[in-house]
Undergrad: 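Quick one: the structure is below, and I'll ask about it shortly.
Since the structure is predicted, the reported quantities are computational estimates derived from the model, not experimental observations.
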Amino acid sequence: MDIAYFPGCTLNASSKLYDVQSDRVLNKLNVHLKELDDWNCCGATSVSKTDDFLAMAMPARNLGLADHMGLKHLVIPCSACYSRMRVAQERLAGDAPLRKEINGELKKKTTGKTHIISILELLVSLMPGREWKMKRRRDLRGLKPACYYGCMQTRFPVRMEVPDNVENPQGMELILRSLGADPIDWSYKTDCCGASASVNDPDLALGLMANIMKDAVARGADCFVTSCPMCQLNLDAYQKKVREAHHIAKAIPVYLITEWVGLALGMTPEELQMDRHFVDAMGPVKELPLL
């Protein structure tokens with residue numbers, strides 16, 4: 001199956017391993033990613049705070065590229081990119097004058113025909129399939145992850161259909177349980193990690209991350225699993241500072257959902273570039289039972 005793919009800026013920089021994992025894991029499941037040709041930044045949260053027109057025009061160009069490819073779905077792993085692209089598509093569908101103005105400057109017009117999905121939606125849809133069942137090689141029994149969605153995966157600034165429970169999403173839990181893991185029930189799965197405030201207001205961001213970590217530790221989690229590259233980077237890269245500032249004794253590895261899916265499908269940590277974590281990610285991996 002071919003599917004259009006928008007990596008976004010983060011997956012080409014600080015979370016390059018997520019780009020690699022997405023391609024390799026999905027290819028293992030017979031899903032072939034077709035990256036948008038000459039894509040541009042979606043604007044992320046920065047543009048939406050400063051220029052409403054650009055906040056629509058920047059993702060609209062990418063949407064036009066996707067529509068021109070003629071594929072049914074466009075998968076976007078990054079939560080921020082996923083949010084901005086879905087919001088833009090929704091706004092443009094309901095605002096004909098704005099759509100006409102933006103399309104007037106685009107070589108490849110956006111038509112709204114491409115269905116945008118997150119990587120969680122894609123993985124959940126693949127779970128019942130033959131490839132998922134036949135290629136599973138490891139059981140994740142004994143793993144107790146805290147599934148962390150962050151604040152952008154299910155919340156949007158406009159009314160639109162949400163493919164999961166807004167306050168208590170379950171996509172990652174479904175995926176991990178199907179692979180043998182036992183995700184914990186906890187209270188901070190959709191709380192903000194501080195995002196870019198880790199740069200300009202570190203005390204605030206560290207406090208938010210401390211709340212998330214304390215609850216996960218108190219409930220017995222042995223790792224975080226997330227689908228958001230910003231959440232993964234913050235909780236991984238700043239964890240030492242969080243623990244020191246807020247007296248948290250236990251270190252918790254922070255994985256992307258693609259890592260555990262890839263491992264369960266028989267891929268090696270080297271294939272998944274799992275050595276690129278700040279907090280050692282190999283402890284729980286070494287304890288995995290083989291099927």
Undergrad: Do Lys100 and Glu105 meet the salt-bridge criterion of a basic N to acidic O distance under 4.0 Å?
TA: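 Salt bridge absent between Glu105 and Lys100.
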Undergrad: A side-chain contact here means heavy atoms from C-beta on lying under 4.5 Å apart; do Tyr18 and Ser227 qualify?
TA: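 Yes, close enough: below the 4.5 Å cut-off.
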Undergrad: Look up atom CG in Asp164 and atom OH in Tyr149, then write down how far apart they are to the nearest 0.5 Å.
TA: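 Interatomic distance, Asp164 CG to Tyr149 OH, rounded to 0.5 Å: 5.5 Å.
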Undergrad: Measuring only between side-chain heavy atoms, which start at C-beta, is Ser22 closer than 4.5 Å to Tyr5?
TA: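 Yes, side chains in contact.
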Undergrad: Could you check whether atom NE2 of His68 has more than 12 heavy atoms from other residues, nucleotides or ligands sitting under 6.0 Å from it?
TA: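 Count not over threshold, so no.
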Undergrad: Is there a side-chain contact between Arg99 and Lys109, using heavy atoms and a 4.5 Å cut-off?
TA: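 Contact flag for Arg99/Lys109 side chains = no.
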Undergrad: With a cutoff of under 4.5 Å between side-chain heavy atoms, which Ile, Leu, Val, Met, Phe, Trp and Tyr residues group with Leu233?
TA: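 Cluster partners of Leu233: Phe278.
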Undergrad: Can you confirm whether the side chains of Arg24 and Thr258 place a donor and an acceptor under 3.5 Å from each other?
TA: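 No, because no side-chain N or O of Arg24 sits under 3.5 Å from a partner of the opposite role on Thr258.
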Undergrad: Could you check whether any side-chain N or O of Asp182 sits under 3.5 Å from a backbone N or O of Leu143, counting only pairs where one atom can act as donor and the other as acceptor?
TA: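 Not at all, since once roles are kept as given, no pair shorter than 3.5 Å links the two residues.
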Undergrad: Regarding Lys135 and Glu131, does a basic nitrogen lie under 4.0 Å from an acidic carboxylate oxygen?
TA: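 Result for this pair is yes, salt bridge flagged.
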Undergrad: Tell me yes or no: between the side chains of Gln170 and Asn168, is some donor less than 3.5 Å from an acceptor?
TA: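 Yes.
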Undergrad: Specify whether Phe6 and Trp39 have parallel, tilted or perpendicular ring planes, treating 30° as the upper limit for parallel and 60° as the lower limit for perpendicular.
TA: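 Geometry flag for Trp39 against Phe6: perpendicular rings.
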Undergrad: Does the distance from a Lys or Arg side-chain N to an Asp or Glu carboxylate O, for Arg61 and Asp38, drop under 4.0 Å?
TA: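 Asp38 and Arg61: salt-bridged.
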Undergrad: With rounding to the nearest 0.5 angstrom, report the CG to CG distance, Leu98 to Asp52.
TA: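 Reported value, rounded in 0.5 Å steps: 8.0 Å.
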Undergrad: With rounding to the nearest 0.5 Å, note down the distance linking OG in Ser15 to CZ in Arg276.
TA: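 So the OG of Ser15 and the CZ of Arg276 are separated by 8.0 Å.
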Undergrad: Rounded to the nearest 0.5 Å, what's the gap from CD on Glu101 to CG on Asp95? Could you check?
TA: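 Those atoms lie 9.5 Å apart.
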